[in-house]
Amino acid sequence: MRSYRIFSHLAKVLQHNSVKTSTLVGRVQIGWPLISLPVTLSFDGVEGKWGQRLKSYLQKPIQAFIPGPIMGDTSENTSKLDSQTASNQAPVSQDDSKPTERMQTLQEHLTQRTDEHNEEQSRQNTQEPSEASAACSSGQPNTKVQKTEPQDRDGASSEQPHKTHLFVEVADHQWPIVYSTEYNIGFLGMEKLHPFDSGKWGKVFQFLREEGMLSEATIVRPLEATEADLLVVHSSSYINSLRWSITVAGITEVPPVALLPNFVVQKKVLKPLRTQTGGTILAAKLAMERGWAINVGGGFHHCSSDRGGGFCAYADITLSIKFLLELGLIKKAMIVDLDAHQGNGHARDFMDMMDKVYIMDVYNRNIYPHDGFAKRGIRRKVELDFFTGDEEYLDKVYNHLKKALEEFEPDIIVYNAGTDCLEGDPLGALSITAEGIKNRDQIVFEFAKKERDKPIPVLMVTSGGYQRNNARIIADSILNLRQKGLIGCQAAEEHQAKRKKKTGSSGSPSSPESATTPSSGASSPTSPTSGEPRRGLLDWFKR
């Protein structure tokens with residue numbers, strides 16, 4: 001009831017200052033679970049010298065006055081509103097009467113509330129973005145982000161990249177594999193109301209750690225994408241819509257989320273997704289520096305600049321490409337979307353940039369999202385029927401990817417490696433085996449690494465997958481890529497081996513040579529359908 005009492009107190013202050021009531025639109029949370037209700041307070045006119053100043057405040061959203069936990073209220077917004085309002089106020093003459101004690105109380109509370117945020121922003125603005133290590137790269141130089149103001153799609157745009165803190169320093173001994181414990185979603189068991197395994201990202205890391213490939217010291221930990229980062233692609237109106245729990249409930253397809261106070265939704269649902277988005281942006285730059293990178297999360301391909309859906313609240317794939325374009329690291333990109341669902345989000349975003357962004361999408365035509373308009377943004381559309389199996393699926397992936405790379409020469413491949421095409425998936429409705437998914441991922445990396453004079457950097461994100469065994473399959477596929485020499489990091493392998501030797505742990509990871517050298521016939525990929533050993537999957541398809 002705190003916010004309601006403060007709102008009542010505000011009304012009394014306005015009456016005390018001779019402000020006639022009329023319409024002021026705002027939002028107030030009343031009771032538990034802090035239901036967000038629209039509230040109106042209006043004014044027909046103002047009297048007194050302080051009336052004009054109050055009127056300028058009244059024309060702004062009510063959260064500028066209310067210090068309680070309000071749906072959609074953030075300290076950043078409050079600070080912006082207060083500074084914008086102050087700049088619009090007329091100067092007060094020396095003989096103006098002083099504000100009342102109640103008005104002073106409100107102003108002091110507002111100032112106290114925003115001080116901490118302003119100090120944090122000031123610290124961020126003085127920090128230089130750090131350079132990532134290129135120990136496992138092909139020798140491309142690191143690139144700093146130029147310092148400019150963030151741009152909003154609703155306002156004037158700029159070709160200059162904005163300042164960001166997402167490009168953290170990466171040591172030589174760290175794999176270009178991005179993961180954070182902040183990726184995982186969980187609150188009172190509500191995450192179980194959606195078939196999506198909201199803890200699969202942590203399970204993938206755990207499996208890779210158990211296999212001796214990764215450790216806490218060799219993983220790259222991303223930071224949460226800020227609002228300024230998101231505004232590179234998203235409109236401010238869309239970002240503001242996420243401050244309503246009912247909007248997030250629709251995007252995540254978990255109706256009870258609508259009943260939660262938005263500050264809980266922001267922390268328990270949206271913050272993990274923002275962190276994964278930051279991970280995809282960071283992984284994109286790592287891929288350009290080291291030749292490949294994997295974000296254990298991400299792949300929110302149903303979200304576009306102004307709309308979300310299908311458990312996708314932020315357009316991380318679009319953002320990663322836009323950041324690379326802004327930095328001047330690429331001129332053209334290819335999206336290879338092999339999630340079972342149509343990737344309608346990035347298709348909408350790049351519909352006017354098809355000369356720079358080529359999209360190949362292989363999906364089940366009979367399932368969500370049925371976005372006919374977004375299909376116009378797909379250069380190579382491969383539609384599948386229910387329960388398509390390994391042989392047909394892998395054949396189409398191989399042939400269409402080959403033709404796509406003949407038509408378009410990208411500077412990077414963004415690979416959306418969803419595992420919801422796995423047989424038994426309740427939403428994907430395809431029949432691809434676990435071995436088929438491993439071979440599919442290998443095909444993409446082989447095309448990028450082995451079939452051309454100059455390898456193409458690959459950014460892989462894990463996207464959808466709605467079964468409890470998806471995490472194991474993703475981990476096995478990454479281990480397979482490492483075994484085949486398609487991914488590797490010598491410094492990370494050596495660091496992990498020294499660590500095991502020092503601690504005297506039993507078992508050891510694969511030798512650095514086997515992890516970084518292309519394998520011979522004895523350890524080569526198998527046939528995607530018969531299990532027959534081959535020199536490589538591409539050789540198998542050629543035969």
Side-chain angles (χ1 to χ4, degrees), residues 153 233-235 238 250-251 253 280 298-322 325 332-388 392-410 412-421 425 427-432 440 443-444 447 459-466:
R153 294 182 69 258
V233 166
H234 290 292
S235 63
Y238 174 72
I251 292 173
E253 300 172 350
T280 301
F300 306 132
H301 64 156
H302 295 308
C303 185
S304 63
S305 62
D306 56 1
R307 59 188 291 183
F311 215 87
C312 303
Y314 303 106
D316 67 318
I317 293 177
T318 303
L319 280 161
S320 65
I321 294 175
K322 285 292 185 71
L325 289 169
K332 296 186 294 183
M334 175 181 288
I335 298 173
V336 178
D337 193 339
L338 301 186
D339 186 276
H341 298 82
Q342 174 196 349
N344 59 322
H346 49 66
R348 284 175 171 267
D349 287 334
F350 292 118
M351 195 170 295
D352 296 330
M353 298 178 59
M354 295 177 68
D355 58 327
K356 293 183 178 180
V357 181
Y358 184 109
I359 298 177
M360 169 182 159
D361 200 344
V362 183
Y363 59 91
N364 187 340
R365 75 175 79 200
N366 304 298
I367 60 176
Y368 176 90
H370 303 291
D371 193 337
F373 178 77
K375 291 180 181 180
R376 303 177 188 177
I378 303 174
R379 289 275 294 272
R380 183 162 289 274
K381 181 172 71 238
V382 185
E383 297 186 326
L384 306 174
D385 290 317
F386 282 127
F387 311 117
T388 298
E392 178 185 353
Y393 179 76
L394 293 174
D395 186 66
K396 288 186 174 180
V397 169
Y398 171 84
N399 288 309
H400 285 278
L401 183 55
K402 179 181 179 181
K403 293 177 181 177
L405 289 170
E406 290 172 353
E407 296 173 359
F408 191 82
E409 296 182 3
I412 188 172
I413 294 175
V414 180
Y415 174 35
N416 195 43
T419 51
D420 50 1
C421 54
D425 191 285
L427 301 183
L430 296 177
S431 297
I432 313 303
R440 176 201 69 175
I443 288 172
V444 175
F447 262 117
L459 162 61
M460 174 177 166
V461 290
T462 58
S463 198
Y466 305 92

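Owing to the predicted nature of the structure, the values given are computational and were not obtained by experimental measurement.
Residues Val414 and His346 form no side-chain contact, since every pair of their non-hydrogen atoms from C-beta on lies 4.5 Å or further apart. Put simply, the side chain of Asn364 reaches to within 4.5 Å of the side chain of Phe386, judged on heavy atoms. Within the 4.5 Å cutoff, side-chain heavy atoms of Ile335 are placed close to those of Val357. Between His400 and Val362, every side-chain heavy-atom pair lies at or beyond the 4.5 Å cut-off. The shortest distance between side-chain heavy atoms of Leu405 and Pro410 falls below 4.5 Å. Leu384 has its side chain within reach of Tyr393: a pair of non-hydrogen atoms, C-beta onward, lies under 4.5 Å apart. Residues Asp425 and Leu430 fail the side-chain proximity criterion, which asks for heavy atoms closer than 4.5 Å. With contacts defined as side-chain heavy-atom distances shorter than 4.5 Å, the pair Asp349/Ile317 does not qualify.
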side-chain contact (heavy atoms from CB on, under 4.5 Å) between Val461 and Phe300: does it pass, once the steps are laid out?
CA-CA 9 Å; Val461 290; Phe300 306 132; over 6 Å; no
Derivation and outcome, side-chain contact (heavy atoms from CB on, under 4.5 Å), residues Leu401 and Val444:
CA-CA 8 Å; Leu401 183 55; Val444 175; 4.2 Å; yes
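Interatomic distance, CE of Met351 versus OG of Ser304, reported as 9.5 Å (0.5 Å rounding). To the nearest 0.5 Å, atoms CD (Glu253) and SG (Cys312) are separated by 9.0 Å. The NZ atom of Lys332 sits 12.0 Å away from the CG atom of Leu325 when rounded to the nearest 0.5 Å.
Across all their heavy atoms, Asp339 and Gly464 have their closest contact at OD2-N, 3.1 Å. The minimum heavy-atom distance linking Arg440 with Leu338 is given by the pair NH1-O, 3.2 Å. Of all heavy-atom pairs spanning His301 and Gly343, the tightest one is ND1-CA, 3.3 Å. Nearest heavy atom pair, residue Asp316 against residue Gly299, reads OD2-N, 2.8 Å. For the residue pair Tyr368 and Gly309, the shortest heavy atom distance occurs at OH-C, 3.6 Å. Scanning both residues, Gly428 and Ala340, for their nearest heavy atoms gives CA-CB, 3.8 Å.
The salt bridge (Lys or Arg N to Asp or Glu O under 4.0 Å) pairs that include a residue from residues 357-382 are Arg348-Asp371, Arg365-Glu383, Arg365-Asp385, Lys375-Glu383, Arg380-Glu407, where partners are two or more places apart or lie in different chains.
By the neighbour-count criterion of 12 heavy atoms within 6.0 Å, atom CG of Asp355 is densely surrounded, having more than that number from other residues, nucleotides or ligands.
Scored by the side chain to side chain contact (heavy atoms under 4.5 Å, CB included) test, Ala347 finds Ile359, Ala374, Ile378 as partners (sequence neighbours excluded). A search for ring-ring contact (aromatic ring centres under 6.0 Å, His included) contacts involving Tyr358 returns Phe408, not counting sequence neighbours. For Ser320, the side chain to side chain contact (heavy atoms under 4.5 Å, CB included) criterion is met by Thr280, Ala284, Leu459, not counting sequence neighbours. Residues satisfying the ring-ring contact (aromatic ring centres under 6.0 Å, His included) test with His341, not counting sequence neighbours, are His302. Taking Ala333 as the reference, Ile321, Ile330, Ile412 meet the side chain to side chain contact (heavy atoms under 4.5 Å, CB included) condition, with sequence neighbours excluded.
Side-chain contact of Asn416 with Ser463: a donor-acceptor pair under 3.5 Å is present, judged by distance alone.
Classified by interplanar angle (parallel below 30°, tilted 30° to 60°, perpendicular above 60°), the ring pair Tyr398/Phe447 is tilted.
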